[in-house]
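I have placed the structure first, in the form of structure tokens, so that the comments after it can refer back to it.
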Number of protein chains: 2
Amino acid sequence: MKTKVIEFERYMEEKGLKSTTQRDEIVNTFFNVKGHVSIEELHHTVQKKNPKIGYTTVYRTLKLLTESGLAHERQFGDGQARYEAVTTEEHHDHLICLKCGTITEFENMKIERLQEDVAKEHGFKVKNHKLELYGYCKKCRNEVK
Amino acid sequence: MKTKVIEFERYMEEKGLKSTTQRDEIVNTFFNVKGHVSIEELHHTVQKKNPKIGYTTVYRTLKLLTESGLAHERQFGDGQARYEAVTTEEHHDHLICLKCGTITEFENMKIERLQEDVAKEHGFKVKNHKLELYGYCKKCRNEVK
DNA sequence: GTGAAATTGAAAATTGATTTCAATAATAGT
DNA sequence: ACTATTATTGAAATCAATTTTCAATTTCAC
Ligand SMILES: [Mn+2]
Ligand SMILES: [Mn+2]
Ligand SMILES: [Zn+2]
Ligand SMILES: [Zn+2]
């Protein structure tokens, strides 16, 4: 997405950071890849375009994207961080298929409201939350016991 | 809890595993410690009773407890696994304080039901889920901006 | 008691994340 | 354009948590 790339350039500018071929290629690739991508996966994809780009630079660029608010880092149960482009301001939660790994997004305002109620009951101030449903997607549910 | 220890012994028996002093001490300590404990914390506690017990054995025993369904492994954002005794069959979710680390438990049937609704809408079969609210507890919320 | 089989724990290996550092590249000022 | 300053790169090193290895020890069925 072009506007996202421009927002990233603005963030770099404002932080006094330099523009480089590597960053451009990584950021462009990131915004053109759908879904929830690991560092390794993105590195692999980026290398098809430019085999000289190192893992570390992908790691650092994803960190910048996260700091700038243009990406979210997610931890689903598989041990490695995954990143997704922040498209709208809308929060969403996830359904994760234990068989094929497909990640589906959803929003449910009723749940969000009830979470706030729960927090209030405990005098707790919510900063962020994580709601993940693990199980089997439409495709896989028939193939598994 | 004595009944839990007996359930563990039954599981060991049924798996053809042997009973050892180390396992007994680790399991006993685990069921007498409240809350959500890391391997390192449990190891430290166990060592007060018996300094010869190694980290690895605590690790392996917690794994057995998890396999047997008597403990749950949890991942809150701090990078290390935490374990809690499964006391009732009741599921619960967590409030995690970002300042003092306190973990509070809650149950909310309305949320659970809505989760099922969401899953159904997507043809998804939920196996388990994770709902974590991160923020500041009653004690800490005033000390943080 | 004896012996096969399991357990222990220190050390080594693994994994994903993060840092280091010398070489390279970007850019502001001339 | 040239140069000096400063940031960036990426391979390798480090880190922290977890997991495996393996030789010595312990358990328990017979
Ligand atoms: Mn998402
Ligand atoms: Mn709990
Ligand atoms: Zn699936
Ligand atoms: Zn607190």
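A, B, ... follow the sequence lines: proteins, then strands. Residue 1 opens every chain.
Under the salt bridge (Lys or Arg N to Asp or Glu O under 4.0 Å) criterion, K15(B) pairs with no residue, sequence neighbours left out. Looking at residues two or more places apart in sequence or on another chain, you find a side-chain hydrogen bond (donor to acceptor under 3.5 Å, both in side chains) between E132(A) and Y134(A). A search for salt bridge (Lys or Arg N to Asp or Glu O under 4.0 Å) contacts involving K4(B) returns E7(B), not counting sequence neighbours. Residues meeting the side-chain hydrogen bond (donor to acceptor under 3.5 Å, both in side chains) test with D78(B), sequence neighbours left out: R82(B). With sequence neighbours left out, the salt bridge (Lys or Arg N to Asp or Glu O under 4.0 Å) criterion links R10(A) to no other residue.
With a 6.0 Å radius and a threshold of 12 heavy atoms from other residues, nucleotides or ligands, Q80(B) has its CD atom above the threshold. Atom NZ of K130(B) has more than 12 heavy atoms from other residues, nucleotides or ligands within 6.0 Å. Around the CD atom of E40(A), the shell of radius 6.0 Å holds no more than 12 heavy atoms that belong to other residues, nucleotides or ligands.
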For this session: Assign a letter to each nucleotide of nucleotides 20-30 of chain D from its 5' end: B, base within under 4.0 Å of a protein heavy atom; S, sugar-phosphate only; -, no contact.
Result: BB-----BS--

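Sorted by first and then second residue, the salt bridge (Lys or Arg N to Asp or Glu O under 4.0 Å) pairs involving residues 91-114 of chain B (not counting sequence neighbours) are K99(B)-E143(B). Residue pairs meeting the ring pair (Phe, Tyr, Trp, His ring centres under 6.0 Å) criterion with at least one partner in residues 89-108 of chain A, sequence neighbours excluded, are H36(A)-H94(A), F76(A)-H94(A), H91(A)-H129(A), H92(A)-H94(A).
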Per-pair distances, 0.1 Å, donor-acceptor, side chain in residues 44-57 of chain A, under 3.5 Å, sequence neighbours excluded:
unit_1, atom_1, unit_2, atom_2, d
T45(A), OG1, E41(A), O, 3.0
Q47(A), NE2, H43(A), NE2, 3.1
Q47(A), NE2, P51(A), O, 3.2
Q47(A), NE2, I53(A), O, 3.0
N50(A), OD1, K52(A), N, 3.0
N50(A), ND2, E25(A), OE1, 2.8

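When rounded to the nearest whole Å, the span between CG of D24(A) and C1' of dA26(C) equals 12 Å. Taking atom OH of Y55(A) as the reference point, atom P of dT20(C) lies 17 Å away to the nearest angstrom. As a whole-Å value, the separation of K15(B) NZ from dA6(C) P is 13 Å. With rounding to whole Å, I39(A) atom CD1 is found 7 Å from dA17(C) atom C1'. A straight line from CG of D78(A) to P of dT18(D) spans 16 Å, rounded to a whole angstrom. Straight-line distance from the CG atom of L64(A) to the C1' atom of dT18(C): 14 Å, rounded to whole Å. Here dT24(C) presents its P atom at 19 Å from CZ of R23(A), a figure rounded to the nearest Å. If you measure from atom CD of Q75(A) to atom P of dG16(C), you get 12 Å, rounded to the nearest angstrom.
The stretch residues 79-86 of chain A touches DNA chain C through G79(A), Q80(A), A81(A), each having a heavy atom within less than 4.0 Å of the strand. Residues from residues 42-50 of chain A lying near DNA chain C, meaning a heavy-atom separation below 4.0 Å, are absent.
End-to-end axis angle of the helix from dG1(C)-dC30(D) to dT30(C)-dA1(D), from C1' rotation axes over five pairs per end: 20° (rounded to 10 degrees).
Linking Ile, Leu, Val, Met, Phe, Trp and Tyr whenever their side-chain heavy atoms come within less than 4.5 Å leaves I103(A) and V126(B) in two separate clusters.
Within the 4.5 Å cutoff, side-chain heavy atoms of F31(A) are placed close to those of L65(A).
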